[in-house]
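For reference, the structure discussed in these notes is given below.
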Amino acid sequence: MIMEKLTYESTRGGESGLTASQAVLKGLAEDGGLYMPNRIPGLDISLEQLAKMSYQEAAYEVMKLFLTDYTEEELKSCIASAYDSKFDQPEIVGMRKASGAHYLELFHGSTIAFKDMALSILPYLMTTAAKKNHVENEIVILTATSGDTGKAAMAGFADVPGTRIIVFYPKGGVSRVQELQMVTQKGDNTAVVAIHGNFDDAQTGVKQIFGDQEFGKRLAARKFQLSSANSINIGRLVPQVVYYVYAYAQLVHKGEIKPGEEINVTVPTGNFGNILAAYFAKQMGLPIKTLICASNDNKVLFDFFQTGVYDKRREFVLTTSPSMDILISSNLERLIYLSADSDPQANKRLMEELKAEGRYQVTEKMRQKMSDFWGGYATEQENAAEIKRLFDATGYMIDTHTGVASAVYQKYVAETKDKTPTVIVSTASPYKFSHSVMEAVFGSQGDKEEFQIIDDLCRATGVVVPPAVEEIRNARIRHKRECDVDAMEKSVAEILGLPEI
Ligand SMILES: *Cc1c(COP(=O)(O)O)cnc(C)c1O
């Protein structure tokens, strides 16, 4: 059988035939669409073989299928540089069985949130791509963050030659530890800006800068070109497919499941990148039955899976799971595109409707194609109660995002009686949200200072305070820039020292 060559195309039809490295470099298509492979490749080795592999070996087996213009040597070198002692365990991810479910811990990297899984490798994929494509400009990474991406991206790109990184985060919309991690970031090529708005404002602002062709010319005149480290970059999505394959293989290895047996996955969801990676894994042949999409009070995705109507016109709620405080889940566009049989015009119409009206409705046929997804949500109270229940029952402390997933999983089981073995994706260390988790388990923390609570958390769980938290205890604040939502582009110009116009 001769396979059609794997290339990348925009979900809105404006571009096609890109190589993987070109898609990684550009991040976002010029027509505003996201890059998609023209087909989703199938795994070409058996689950039994995968069960014997290390994380790095499994990563190569998955990523080579998508990143087809990277040589074996290039890709293996990227993988080796990314997944090394930056992670606090050689397995790279943790698996913990508690209260009948398998918690897949994706927070053992340098910034203690799951964004490290992809952002440790993205800088290597991008600089390799720049070399392959003979790029001479300096690459400027623009990133909107709901708290975790910004730090993880800066940790990855700090002092990487040929790159600059500028991060926008919502002032007041992230946890104290998240904010401190960002504003103390070292590296001469890093910049952090707090915007007077929420995450959606930050994300929309960044997309607007990407779409501003005049600004693009001003950048090019100074030998800069933009790229994105947000989860819309295919170089983020592909590395995320790996840990689903690896987790499944590990369950086989440990005898928890038989090769071929179905599992469910429950994913705490914001921008829809993590759960989309699980969907890709399923399309590649990994035996996943149901993808349980867990939301917090910003339950736009829950409503979408219930009704087929995506409606962002609602109040933006600040919750204790800030990395999921999102009303425009960018990566959902890729599922919409696939569900419309990869018809870019159908997708484009819906995305234009979202922009103009703030809502869209998918067809019944498209909904049927999404029937592998089950949407649920947890309120603030339900989340806190679940964190406490699990801790009291097992001594295992989960963070507030994992709490949402765990609470939604309980609802799923109660409603469906489905006993399929389930992986609950654990996306952050509880240390990143110490205040909220301690409050959930032990009640009000009064006006205790953040680091006092962190030390209490250590005493309560016996888990050592991670270096990522220790290092901000006394670090100097290096970034103090703030701006209004409509001045983001101006901030970028100032940071890069572009001449005034
Ligand atoms: C980013 C993030 C999420 C949401 O992931 P998406 O890929 O945006 O859906 C969940 N939990 C944590 C801790 C995160 O940092």
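In listed order, ligands and their atoms are each counted from 1.
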Item to check | salt bridge (Lys or Arg N to Asp or Glu O under 4.0 Å) between K432 and D148, intermediate numbers included | outcome: CA-CA 10 Å; K432 219 160 177 176; D148 290 325; 2.8 Å; yes
For [X], counting its heavy atoms only, list the atoms of ligand 1 lying under 4.0 Å from any of them.
{"X": "T427", "answer": "10 (C), 11 (N), 12 (C), 13 (C)"}
{"X": "G273", "answer": "6 (P), 7 (O), 9 (O)"}
{"X": "N274", "answer": "7 (O)"}
{"X": "K115", "answer": "1 (C), 2 (C), 3 (C), 14 (C), 15 (O)"}
{"X": "T269", "answer": "9 (O)"}

Give the C-alpha distance, both sets of side-chain angles, the deciding distance and a yes or no for salt bridge (Lys or Arg N to Asp or Glu O under 4.0 Å) between K171 and E179.
CA-CA 9 Å; K171 181 87 191 156; E179 180 165 48; 3.5 Å; yes
Any donor-acceptor N or O pair under 3.5 Å, side chains R389, S99:
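Short answer, yes.
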[X] N/O to ligand 1 N/O under 3.5 Å:
{"X": "H401", "value": "no"}
{"X": "D148", "value": "yes"}
{"X": "G270", "value": "yes"}
{"X": "A428", "value": "no"}

Looking only at protein heavy atoms, what sits closest to atom 5 (O) of ligand 1 is F114 CE2, 3.5 Å
| said: Parallel, tilted or perpendicular, judged at 30° and 60°: which one describes the rings of Y246 and Y55? | reply: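 Ring orientation of Y246 relative to Y55: perpendicular.
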Using the benzene-type ring in the case of Trp, are the ring centres of Y377 and F302 under 6.0 Å apart?
yes
Determine, using ring centers only, whether Y83 and F87 are less than 6.0 Å apart. yes
For I275 and I292 the tightest heavy-atom approach is CD1-O, 3.7 Å
Over all heavy atoms of both residues, which pair between Y310 and L327 is shortest? Give the atoms and the distance, please.
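Taking Y310 first and L327 second, the nearest heavy atoms are OH-O, 2.6 Å.
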Counting only heavy atoms closer than 4.0 Å, does ligand 1 sit against the backbone of [X], its side chain, both, or neither?
{"X": "K432", "answer": "neither"}
{"X": "N271", "answer": "both"}
{"X": "F272", "answer": "backbone"}

| said: Quick check with a 6.0 Å cut-off and a 45 degree axis cone: is K312 positioned over the face of Y360's six-membered ring? | reply: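 No, K312 does not lie over the aromatic ring of Y360.
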**Q.** P268 to ligand 1, any heavy atom closer than 4.0 Å
**A.**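 Yes.
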